[in-house]
Amino acid sequence: MQKNYLILLLLLIFYSCEKASSPPQQINSFYKPAITITADDRKTITPEEAKTYHVNKIYQYEYRTGNPGNYEYNYDVKGINSKGDSVCGNINVQGKHGAGILTGDTVAEIEINTEWISYGKLKAIDKKGNEYNLIVK
């Protein structure tokens with residue numbers, strides 16, 4: 001009989017410790033980090049960025065600045081808008097998000113915010129909420 005109580009006590013201790021040690025799960029699916037890149041970032045390179053300016057024609061980016069783990073990349077992109085019109089432009093990206101300017105036959109310069117959706121593919125949205133599917137040239 002004492003064995004049963006001992007086993008029961010050990011099981012209670014084990015399960016209570018297991019639950020107490022696991023941190024609470026918190027998922028914020030609506031969370032999106034603030035974009036630190038703006039469309040104007042692609043126009044100029046600051047003196048600080050110039051110190052780490054790097055070009056490598058093996059990769060698809062035009063150039064990059066920054067340090068490992070904190071690079072900002074510049075890409076030429078092309079794609080289509082939601083109406084099927086062709087667009088092209090230039091963007092800067094840091095991490096998963098970026099910004100830039102698109103032009104096309106039927107559109108003047110449009111500022112966009114971008115997000116990587118796959119390797120070499122981006123989804124972009126302008127200030128009016130129009131969407132663009134882009135690929136890196």
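What's counted below: heavy atoms across the whole structure, side chains too, no hydrogens, waters or symmetry copies.
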(message) Atom OH of residue position Tyr53 - does it have more than 12 heavy atoms of other residues, nucleotides or ligands inside 6.0 Å?
(response)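 Check passes, neighbour count above 12.
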(request) Check the pair Ile112, Ile125 against side chain to side chain contact (heavy atoms under 4.5 Å, CB included), reporting the backbone distance first and the verdict last. (result) CA-CA 5 Å; Ile112 56 163; Ile125 298 177; over 6 Å; no
(request) Would you please test Cys88 and Thr103 for side chain to side chain contact (heavy atoms under 4.5 Å, CB included) and show each step? (result) CA-CA 6 Å; Cys88 62; Thr103 59; 3.9 Å; yes
(request) Answer yes or no: is there a donor N or O on one side and an acceptor on the other, between the side chain of Thr46 and the main chain of Glu49, under 3.5 Å? (result)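 Answer holds: yes.
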(message) Any side-chain to backbone donor/acceptor pair from Thr52 onto Gly66? Under 3.5 Å, distance only.
(response)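 Answer holds: yes.
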(message) Salt bridge check, Lys127 against Glu111: does any charged N sit closer than 4.0 Å to a carboxylate O?
(response)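 Yes, Glu111 and Lys127 are salt-bridged.
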(request) Classify the side-chain pair Asn74/Glu62 by whether it contains a donor and acceptor separated by less than 3.5 Å. (result)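 The answer is no; no qualifying pair exists.
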(request) Compute whether any side-chain donor of one residue and acceptor of the other, for Gln94 and Asn70, lie under 3.5 angstrom apart. (result)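 Per modelled atom types, Gln94 and Asn70 side chains form a pair under 3.5 Å.
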(request) Sequence neighbours left out, what passes salt bridge (charged side-chain N to carboxylate O under 4.0 Å, His left out) with Lys78? Give chain and number order. (result)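 Testing Lys78 for salt bridge (charged side-chain N to carboxylate O under 4.0 Å, His left out), a comparison that skips the adjacent residues, returns none.
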(request) Sequence neighbours left out, what passes salt bridge (charged side-chain N to carboxylate O under 4.0 Å, His left out) with Glu109? Give chain and number order. (result)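 None.
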Distance in Å, [X] [atom1] paired with [Y] [atom2], rounded so as to fall on 0.5 Å steps:
| X | Y | atom1 | atom2 | value |
| --- | --- | --- | --- | --- |
| Lys128 | Ile110 | NZ | CD1 | 7.5 Å |
| Ile91 | His97 | CD1 | NE2 | 12.0 Å |
| Lys51 | Ile45 | NZ | CD1 | 14.0 Å |

Name the atoms and distances for all side-chain donor-acceptor pairs under 3.5 Å in residues 130-137, with sequence neighbours left out.
unit_1: Asn130; atom_1: ND2; unit_2: Asp126; atom_2: OD2; d: 3.0
unit_1: Tyr132; atom_1: OH; unit_2: Asp126; atom_2: OD2; d: 2.9
unit_1: Asn133; atom_1: OD1; unit_2: Lys123; atom_2: NZ; d: 2.9

(message) Quick check: closest heavy atoms across Ala99 and Asn113, and the distance to 0.1 Å?
(response)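 Looks like CB-OD1, 3.7 Å.
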(request) Kindly give the heavy-atom pair with the smallest separation between Asn90 and Val77, and that separation in Å. (result)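 Scanning both residues, the minimum pair turns out to be N-CG2, 4.4 Å.
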(request) Please check if Val93 and Ile117 belong to a single hydrophobic cluster, counting links between Ile, Leu, Val, Met, Phe, Trp and Tyr side chain heavy atoms closer than 4.5 Å. (result)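 Val93 does not cluster with Ile117.
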(request) Apply side chain to side chain donor-acceptor pair (under 3.5 Å) to Asn56 and list each qualifying residue two or more places apart in sequence or on a separate chain. (result)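 In terms of side chain to side chain donor-acceptor pair (under 3.5 Å), with neighbours along the sequence ignored, Asn56 is linked to no residue.
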(message) For residues 69-96, which residue pairs pass the ring pair (Phe, Tyr, Trp, His ring centres under 6.0 Å) check, not counting sequence neighbours?
(response)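 Every ring pair (Phe, Tyr, Trp, His ring centres under 6.0 Å) pair that includes a residue of residues 69-96, provided the two are not neighbours, is Tyr61-Tyr73, Tyr71-Tyr73, Tyr75-Trp116.
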(request) Please collect all salt bridge (charged side-chain N to carboxylate O under 4.0 Å, His left out) contacts where either partner lies in residues 84-106, sequence neighbours excluded, each pair once. (result)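 Every salt bridge (charged side-chain N to carboxylate O under 4.0 Å, His left out) pair that includes a residue of residues 84-106, provided the two are not neighbours, is Lys96-Glu115.
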